[in-house]
Trainee: 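Structure below; questions to follow.
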Amino acid sequence: MQNRIKEYREQKGISQGQLADLCSVSRQTINAIENNKYDPSLQLAFDLAESLGVKVDTLFLNEER
């Protein structure tokens with residue numbers, strides 16, 4: 001599953017560490033998600049979307065479609 005987290009994070013001008021703090025995860029977790037090495041839990045996906053001010057389906061792209 002591809003994601004656009006880095007794109008939206010950079011648009012908001014926040015670092016991986018700041019986003020991690022907002023979502024109560026480590027910076028390494030954000031890095032792994034941005035690099036498509038880890039798929040977040042449903043709760044974390046919603047936390048990321050809320051922190052970035054977008055809908056979940058805006059952040060994550062289904063490659064199979």
Side-chain angles (χ1 to χ4, degrees):
M1 179 178 303
Q2 295 292 321
N3 70 73
R4 300 172 67 193
I5 295 169
K6 182 176 181 178
E7 176 185 339
Y8 283 98
R9 178 180 59 75
E10 289 178 343
Q11 285 178 9
K12 286 194 68 104
I14 61 175
S15 68
Q16 287 182 342
Q18 290 169 316
L19 181 57
D21 289 343
L22 290 170
C23 296
S24 301
V25 296
S26 70
R27 183 201 58 78
Q28 291 85 352
T29 298
I30 300 299
N31 183 274
I33 295 168
E34 285 185 355
N35 289 299
N36 297 305
K37 295 181 180 181
Y38 174 73
D39 288 331
S41 67
L42 186 57
Q43 182 61 56
L44 180 51
F46 277 99
D47 291 345
L48 288 163
E50 182 178 343
S51 296
L52 295 170
V54 296
K55 294 182 178 183
V56 172
D57 61 348
T58 302
L59 281 184
F60 296 94
L61 310 170
N62 186 349
E63 295 174 322
E64 295 177 10
R65 288 187 178 182

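Side-chain atoms are counted along with the backbone in the values below, which use heavy atoms only and exclude waters and symmetry mates.
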Trainee: Starting at CD1 of I5, measure out to OG1 of T58 and round the result to the nearest 0.5 Å.
Mentor: 12.0 Å

Trainee: How long is the gap from CD1 on I33 to CZ on R9, to the nearest 0.5 Å?
Mentor: 11.5 Å

Trainee: Sequence neighbours excluded, which residues qualify as side chain to side chain donor-acceptor pair (under 3.5 Å) partners of E7?
Mentor: R4

Trainee: Roughly how far apart are Y38 OH and L44 CG, rounded to 0.5 Å?
Mentor: 6.5 Å

Trainee: Within a radius of less than 6.0 Å around CZ of F60, do more than 12 heavy atoms belonging to other residues, nucleotides or ligands occur?
Mentor: yes

Trainee: Quick one: pull up CD in E10 and CG in L52 and give me the separation to the nearest 0.5 Å.
Mentor: 11.0 Å

Trainee: Output every pair passing side chain to side chain donor-acceptor pair (under 3.5 Å) with a member in residues 41-56, not counting sequence neighbours, ordered by first then second residue.
Mentor: Q43-D47

Trainee: What distance do L22 atom CG and K12 atom NZ have between them, rounded to the nearest 0.5 Å?
Mentor: 8.5 Å

Trainee: Is there a side-chain contact (heavy atoms from CB on, under 4.5 Å) between N31 and R27? Walk through the geometry before answering.
Mentor: CA-CA 6 Å; N31 183 274; R27 183 201 58 78; 4.1 Å; yes

Trainee: Check whether the side chains of E34 and N3 place a donor and an acceptor atom closer than 3.5 Å, and report yes or no.
Mentor: no

Trainee: Report the residue from I30, V54, V56 that forms a side chain to side chain contact (heavy atoms under 4.5 Å, CB included) with L48.
Mentor: I30

